[in-house]
Amino acid sequence: MASTGASNQADVIVVGAGLAGLVAAAEVADAGRSVLLVDQEPEQSLGGQAYWSLGGLFLVDSPQQRRLGIHDSVELAWQDWLGSAQFDRDEDYWPRQWARAYVEFAAGEKRSWLHRQGHRIFPVVGWAERGDGRADGHGNSVPRFHLTWGTGPGVVAPFERRVRAHAETGRVRFAFRHRVDEVLLEAGTAVGVRGALLEPSDIARGQESSRVVVGDFEYRGQAVIVTSGGIGGDLDLVRRAWPARLGTPPASMVCGVPAHVDGRMLAITERAGARIINGDRMWHYVEGIRNWDPIWRNHGIRILPGPSSLWLDATGRRLPAPYLPGFDTLGTLRELRATGYDYSWFVLTQKIIEKEFALSGSEQNPDLTGKDVRGVLDRARHGPAPVEAFKQHGEDFVVADDLDALVAGMNDLARIDPVGPRLDGDALRRLIEARDRQIANPFGKDAQVTALYGARHYRGDRLSRVAKPHRLLDPTAGPLIAVKLHILSRKTLGGLATDLSGRCLRVSGDPVPGLYAAGEVAGFGGGGMMGYNALEGTFLGGCLFSGRVAGRAAAAAL
């Protein structure tokens, strides 16, 4: 369906055919305006990284929460957002406005708007980013992670459907394999884009496409909306933007997004007069594993852990609270960067992995992605099949019947890049036995054990996410498992500064006429509406909200 020259005019040009771009294009077309949707990737990658996601959405006071006995409110969600974002810069004015608008959207129209388009939610609400242990600090006070029935493809589908319906009428045209290299300005107003036409590509979705140039193009419009994503696919850019507050950038990382998430449009849009803010704010995970069946280069998958695994740094030291699995992503990253090593360890049992391990990504959850009820029930009984496949084939997994053999396998992996110290088996045994004594007693002082019992008070966790507390060295819970965890690149939390209409702002604070931005390239709204920390379920939601806002505003301004 790629359009390569029938017309070089459209009312609005949308640069980037990911989720934010699809939403913006659908909204513009619904308003009766013509849209040209431009992307450097082939048509099979329509939907961008959202397609690969688990499909989690941040909602506040939803029917799903209420049915599970979760009491949520705008006030509590806003308290959590502010405690996590920690806005502290002059340039946080618009990000803060976007954050408040988004929290109200998540508590209001978001669910019904999606539901009307056919979007459906899994009934068990997840509790992501449980936080740093402070009432007014980082983290979700209650479960808010609403999983899309159909995962990432289920989020993309309603908007792809709307855009393709408009394409049938000619109101939307596609320009795949068109790489934008310049935003065109006339008298300071954005009037189009210019760039290179890339050779056709039949690679599979997510794989790295060719950058061979076979021509050029120029398209004109009355407005340009940039929705091109962040920098997570370019690890050199990630390292250059890495903030000192998170320690030194890791020499070894795995990549959580495809190569086309290259950040090119940030600098290109900046050259058109837009301002970039909060470029040092980013979101990377510390539970990454190398994909044994990769789709893109250096492909990493995130483990979404329940709270029971014992977390060790590369030297074998147990991480202190609140740096527990699933609690404080960037706090844990900061703690681990101080060790001087690029990896850490989970130590767990078969009972824990069956109950608590899930993997990020639509392709790693075929039951949820395929809306397979029988598969979901089987997952609840035996654990996800993709997790078992990683346990069998993944290079970062060690499985052993006793602790001595487990430590030997861990030391073998410590000799493989990224390289680290040899673990002391006796010291690890003492540490595990001390933890196990806390499990054997109904009282105790171990913060992680206390958190386990607390998590099991929530019905959703007890049913599907938290194993019954047990001794790690209990032979009936085995075998023992160790996982070497890598740092996994993912999201850009800063970006193009925008006002509440999605208009790109200059350094002066004035908008660049005709130029809009949405999604990750805009820090999901305003140039960084999440501040320093995300509450999870906010990335896709930020694309939905900011794409909707920018699309409607651009159409209304014409």
Check: I353 and V387 side chains under 4.5 Å, non-hydrogen atoms:
yes
Exercise. Is the cationic atom of K491 (NZ for Lys, CZ for Arg) positioned less than 6.0 Å from the six-membered ring centroid of F539 and within 45 degrees of its normal?
Worked result: yes
For A50 and L19 the tightest heavy-atom approach is CB-CB, 3.7 Å
Any side-chain heavy atom of T369 sitting closer than 4.5 Å to one from P153?
yes
Practice item. Could you check if a side-chain atom of F176 sits within less than 4.5 angstrom of a side-chain atom of S201, using non-hydrogen atoms only? Key: no
Review point. Between R66 and D61, does at least one N-O distance fall below 4.0 Å, as a salt bridge requires?
Key: yes
>> Run D396 and H486 through side chain to side chain donor-acceptor pair (under 3.5 Å) and show every step you take.
In response: CA-CA 9 Å; D396 296 310; H486 306 267; 2.9 Å; yes
### Query
Checking R281 against Y532: charged group under 6.0 Å from the ring centre and within 45 degrees of the axis?
yes
**Prompt:** Does a salt bridge link E168 with R164, judged by any charged N lying under 4.0 Å from a carboxylate O?
**Reply:** no
Heavy-atom closest pair (G206 atom, W296 atom, distance to 0.1 Å) is O-CB, 3.5 Å
- prompt: Quick one: are the ring centres of W311 and Y323 less than 6.0 Å apart?
  reply: no
- request: For side chain to side chain donor-acceptor pair (under 3.5 Å), just list the numbers for Q350 and E354, CA-CA rounded to whole Å, side-chain angles, deciding distance to a tenth of an Å, and then say yes or no.
  value: CA-CA 6 Å; Q350 182 66 26; E354 287 177 357; 3.0 Å; yes
Exercise. Is E27 paired with R552 through a side-chain N to carboxylate O contact shorter than 4.0 Å?
Worked result: yes
On a heavy-atom basis, the closest approach of L319 and E335 is CD2-CG, 4.4 Å
D372 with R374: basic N within carboxylate O range, under 4.0 Å: no
ask   = Hey, does L57 have a side-chain heavy atom less than 4.5 Å from the side chain of T538?
value = no
Hey, mind stepping through R379 and S464 against side chain to side chain donor-acceptor pair (under 3.5 Å) and telling me if it holds? CA-CA 9 Å; R379 167 198 288 248; S464 63; over 6 Å; no
> Going by heavy atoms in the side chains, are H71 and V142 under 4.5 Å from each other?
Replying inline: no
Under a 4.0 Å threshold between the charged nitrogen and the carboxylate oxygen, would R318 count as salt-bridged to D446? yes
>> As a quick check of understanding, evaluate side chain to side chain donor-acceptor pair (under 3.5 Å) for T329 and E129, giving each step before the final call.
In response: CA-CA 7 Å; T329 292; E129 282 298 292; 2.4 Å; yes
- prompt: Is the NZ or CZ atom of K484 positioned over Y343's six-membered ring, under 6.0 angstrom from the centre and within 45° of the axis?
  reply: yes
Using a 3.5 Å cut-off and no angle test, enumerate the donor-acceptor pairs between side-chain atoms of residues 299-307 and protein atoms at least two apart in sequence or in another chain.
unit_1, atom_1, unit_2, atom_2, d
H299, ND1, N291, ND2, 3.2
H299, ND1, I295, N, 3.0
R302, NE, E287, OE1, 3.0
R302, NH1, E536, OE2, 3.4
R302, NH2, E287, OE2, 3.4

Could you tell me whether R465 sits above the aromatic face of W127, with NZ or CZ closer than 6.0 angstrom to the six-membered ring centre and within 45 degrees of the axis? no
Taken in chain and number order and not counting sequence neighbours, the residues that satisfy side chain to side chain contact (heavy atoms under 4.5 Å, CB included) with S228 are V226, M265, V521
Angle between ring planes, F346 versus F357, binned at 30° and 60°: parallel, tilted or perpendicular? tilted
Practice prompt. Please answer whether the main-chain N or O of V60 pairs with a side-chain N or O of R144 as donor and acceptor at a distance below 3.5 Å.
Written response: no
>> Within the structure provided, determine whether Y102 and W81 are in side-chain contact (heavy-atom separation under 4.5 Å).
In response: yes
Review point. Between R334 (side chain) and L246 (backbone), is there a donor-acceptor pair under 3.5 Å?
Key: no
Practice prompt. Would you check if the side chain of E356 reaches a backbone N or O of A467 as a donor-acceptor pair within less than 3.5 Å?
Written response: yes
Of all heavy-atom pairs linking L480 and L472, the shortest is CD2-O, 3.2 Å
ring-ring contact (aromatic ring centres under 6.0 Å, His included) pairs touching residues 450-472, sequence neighbours excluded, are none
Side-chain donor or acceptor of R435 paired with backbone N/O of L310 under 3.5 Å
no
Between W78 and R100, is there a side-chain heavy-atom distance shorter than 4.5 Å? yes
A29 and V172 have their tightest heavy-atom pair at CB-CG2, 3.8 Å
Looking at W113 versus F159, is the centre-to-centre ring distance below 6.0 Å? yes
On a heavy-atom basis, the closest approach of L235 and C255 is CD2-SG, 4.4 Å
Check: Any side-chain heavy atom of I121 sitting closer than 4.5 Å to one from T148?
Finding: no
The salt bridge (Lys or Arg N to Asp or Glu O under 4.0 Å) partner of D461 among R456, K468, R130 is R130
